[in-house]
Number of protein chains: 2
Amino acid sequence: MAQEYHNNCSLCGRNSEVFKYMDKDELKKIDSHRVSIRYKPGEIIFKQGTPCYNFICITQGLVKLYIEHQRNRNLIIGLMRPVNYIYEPGFFVDKHHHFTALAAEETTACLIDINVMKELFFSNQAFSYDFIQRISRQALGLFDRISSCTHKHVFGKVADTLLYLHPKIYPENPFYLSLCRQDLADLSGITKESVIRVLKKFQEEGIISINGDQIEIFDRERLEVISDKG
Amino acid sequence: MAQEYHNNCSLCGRNSEVFKYMDKDELKKIDSHRVSIRYKPGEIIFKQGTPCYNFICITQGLVKLYIEHQRNRNLIIGLMRPVNYIYEPGFFVDKHHHFTALAAEETTACLIDINVMKELFFSNQAFSYDFIQRISRQALGLFDRISSCTHKHVFGKVADTLLYLHPKIYPENPFYLSLCRQDLADLSGITKESVIRVLKKFQEEGIISINGDQIEIFDRERLEVISDKG
DNA sequence: CTTTTTTATTGATATATATCAATCAAAATT
DNA sequence: AATTTTGATTGATATATATCAATAAAAAAG
């Protein structure tokens with residue numbers, strides 16, 4: 001493949017943000033306990049319930065994180081773009097995965113031995129504090145999510161989903177949506193039929209436009225209002 | 001008041017779990033940047049939107065943490081018993097509170113200067129790692145909460161609330177409920193009328209009994225089944 | 001190119017739960 | 001003790017959204 005790609009963490013341009021508090025030796029250590037894996041769309045990176053052995057850093061593609069439910073209703077708790085590591089709280093509690101990670105697009109990820117990372121939490125305070133900041137940001141996102149699914153109606157929920165998708169997940173506008181309607185439903189916590197009806201309504205009102213898999217957001221402020229008032 | 005109560009963190013029997021990774025000097029430092037405050041039921045400890053200056057450790061009582069919403073619908077994201085500190089992710093992100101903390105019973109809390117705590121995150125790795133473990137446990141709780149409010153029906157939601165209240169918040173069974181029906185509703189993400197109807201149903205089926213403010217759980221397993229199947 | 005399968009869309013109906021209103025009980029105030 | 005206020009309970013109704021079913025469009029397979 002044509003992607004630039006290093007066998008060495010120190011040279012990997014993709015780690016910038018995530019490992020900025022590491023020195024040369026630390027990166028070397030990580031490097032020696034790391035494998036880079038390529039996943040095809042639809043492939044599972046790790047599955048809910050299994051033990052966690054690796055700290056996973058997405059270097060390319062798009063990953064879907066979802067909680068698996070009985071009666072095949074899933075709940076997407078987040079999407080991940082490079083460069084970012086997947087924070088799995090389960091590692092710090094019972095060393096098991098509490099959600100499933102699946103490649104939504106062609107994805108590459110680095111798997112790092114989790115014990116090496118654990119050592120770093122003890123030896124590198126700056127990294128450790130940065131980590132706390134990152135998971136705190138995620139926690140605030142979960143608060144919003146809980147508010148959204150408890151008090152909002154379908155319009156507010158889908159508005160939240162659209163606001164989340166752009167620019168965080170799809171930086172361009174219009175963007176090519178690599179998720180299906182069921183994914184949008186699992187992300188919004190409603191049914192796919194409701195997603196379709198809401199998107200249609202938004203389109204009729206000139207808030208967005210949809211052409212095949214292309215979505216363009218015309219009126220972000222309107223979406224924010226809809227999100228706020230539920 | 002008749003409570004035993006020290007002017008000194010090192011002697012305070014209530015800090016055991018939370019500050020177990022601190023040495024004498026560290027506790028002394030905390031001690032000198034600490035005030036102990038007593039709150040009456042209904043008093044606000046800190047309010048959503050305000051800046052955070054203090055790390056708060058509950059030493060007595062019961063605290064309600066809730067997200068304030070428009071059209072006076074609140075959402076209780078958790079209850080706190082001693083001895084525990086309130087993890088406010090906002091501190092690590094924008095240094096503002098993202099929820100309100102209110103004394104639900106007569107409560108005492110220690111307020112510690114947040115910069116002193118921040119120093120400790122850098123100097124004491126064991127404390128820092130313990131902190132990550134604690135917030136990870138909370139994050140897993142939030143996952144459950146999101147699952148609950150997205151996919152479950154009122155019976156499952158109230159079952160979840162009851163399972164949360166006992167034994168975590170009220171260790172005895174039967175327990176004296178210091179929360180009103182609206183609180184149970186805000187905790188379950190439904191209306192108080194629905195809470196009442198569900199509790200009545202549970203009582204009719206012999207799962208629980210209610211006498212005034214006393215609730216007794218007879219059939220915990222039944223509640224778990226109801227929680228699971230939604 | 002045709003057929004099969006999957007995904008998206010639309011419409012009709014069912015249902016869970018919120019909303020509204022009234023009553024009852026308990027607590028607080030006078 | 002009488003009155004006011006607050007919270008709990010019950011019932012009737014409205015409504016949002018899930019469910020079900022049918023069709024259309026797109027993608028995959030033969």
Side-chain angles (χ1 to χ4, degrees), chain A residues 40-42 64 69-76 104-105 147-161 176-204 208-215 226-227 229-230, chain B residues 40-42 64 69-76 104 147-162 176-204 208-215 226-227 229-230:
Chain A
K40 286 193 276 290
K64 218 163 79 179
H69 264 266
Q70 48 274 55
R71 16 177 195 146
N72 61 340
R73 289 195 127 219
N74 293 330
L75 183 68
I76 298 178
E105 299 174 2
S147 301
S148 173
C149 65
T150 318
H151 291 315
K152 289 182 186 177
H153 290 183
V154 283
F155 295 94
K157 289 177 183 181
V158 174
D160 281 340
T161 296
Y176 169 84
L177 189 72
S178 49
L179 301 168
C180 67
R181 297 299 137 110
Q182 186 60 55
D183 287 331
L184 297 182
D186 292 344
L187 204 45
S188 311
I190 59 177
T191 59
K192 64 178 188 304
E193 291 92 337
S194 292
V195 168
I196 289 163
R197 282 182 251 265
V198 171
L199 289 177
K200 195 185 173 191
K201 194 80 187 296
F202 285 171
Q203 194 168 18
E204 284 166 8
I208 61 168
S209 88
I210 305 175
N211 291 312
D213 292 332
Q214 292 268 349
I215 295 186
I226 292 168
S227 162
K229 61 169 200 179
Chain B
K40 287 194 275 290
K64 219 164 79 180
H69 264 265
Q70 47 274 55
R71 17 177 192 143
N72 61 341
R73 289 194 127 221
N74 293 329
L75 182 69
I76 299 178
S147 300
S148 174
C149 64
T150 318
H151 291 313
K152 290 182 186 178
H153 289 185
V154 284
F155 294 94
K157 289 178 184 180
V158 175
D160 281 339
T161 296
L162 289 170
Y176 168 85
L177 189 72
S178 50
L179 301 169
C180 68
R181 296 300 136 111
Q182 186 60 56
D183 287 332
L184 297 183
D186 293 343
L187 204 44
S188 311
I190 58 177
T191 59
K192 62 177 189 305
E193 291 92 336
S194 292
V195 168
I196 289 162
R197 283 182 249 265
V198 170
L199 289 177
K200 195 184 172 192
K201 193 82 187 297
F202 285 170
Q203 194 168 19
E204 283 167 10
I208 60 168
S209 88
I210 304 174
N211 291 313
D213 292 332
Q214 292 269 351
I215 295 185
I226 291 167
S227 162
K229 64 170 196 176

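Order of the sequence lines fixes the chain letters, A, B, ..., with proteins taken first and strands second; residue numbering starts at 1 for each chain.
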Could you check how far CD1 of A:I196 sits from P of D:dT23, rounded to whole Å? 17 Å
What string of B, S and - do you get for nucleotides 24-29 of chain D, 5' to 3', if B is base contact, S is sugar-phosphate-only contact and - is no contact with any protein heavy atom under 4.0 Å? ------
Report yes if the side chains of A:K64 and A:L179 come closer than 4.5 Å at any heavy-atom pair, otherwise no. yes
Please set out all donor-acceptor pairs under 3.5 angstrom arising from side-chain atoms of residues 193-204 of chain B, sequence neighbours excluded.
| residue | atom | partner | partner atom | Å |
| --- | --- | --- | --- | --- |
| B:S194 | OG | B:T191 | OG1 | 3.2 |
| B:Q203 | NE2 | B:I210 | O | 3.2 |

A:R73 versus B:H151, closest heavy-atom pair with distance: NH1-ND1, 2.8 Å
Rounded to the nearest 0.5 angstrom, the SG-CG distance for A:C180 and A:D186 is 8.0 Å
Residue pair B:S227 / B:A159: nearest heavy atoms and the distance that separates them: N-CB, 4.1 Å
Residues passing the salt bridge (charged side-chain N to carboxylate O under 4.0 Å, His left out) test with B:D160, sequence neighbours excluded, are B:K152
At under 4.0 Å between heavy atoms, how does the protein contact nucleotides 11-18 of chain C? Give one character per nucleotide, 5' to 3', with B, S or -. BB---SSS
How would you list, by chain and number, every residue that makes a side chain to side chain contact (heavy atoms under 4.5 Å, CB included) with A:E105, sequence neighbours excluded? A:L62, A:R81, A:Y170, A:S178
Close side-chain approach of B:L177 and B:D183, heavy atoms under 4.5 Å: no
Axis-to-axis angle for the helix from C:dC1-D:dG30 to C:dT30-D:dA1, ends of five pairs each, to 10°, equals 40°
For A:T150, the side chain to side chain contact (heavy atoms under 4.5 Å, CB included) test, sequence neighbours excluded, returns A:I146, B:L75, B:C149
Identify, with sequence neighbours excluded, every residue that meets side chain to side chain donor-acceptor pair (under 3.5 Å) alongside A:K157. none
Can you tell me how far apart CD1 (A:I190) and CG (A:L184) are? Round to the nearest 0.5 Å. 9.0 Å
Rounded to whole angstrom units, what separation is found between the CD1 atom of B:I210 and the C1' atom of C:dA25? 15 Å
Round to the nearest Å and state the distance from B:N211 atom CG to C:dA25 atom P. 16 Å
Using a strict heavy-atom distance below 4.0 Å, which residues from residues 177-184 of chain A are in contact with DNA chain C? A:C180, A:R181
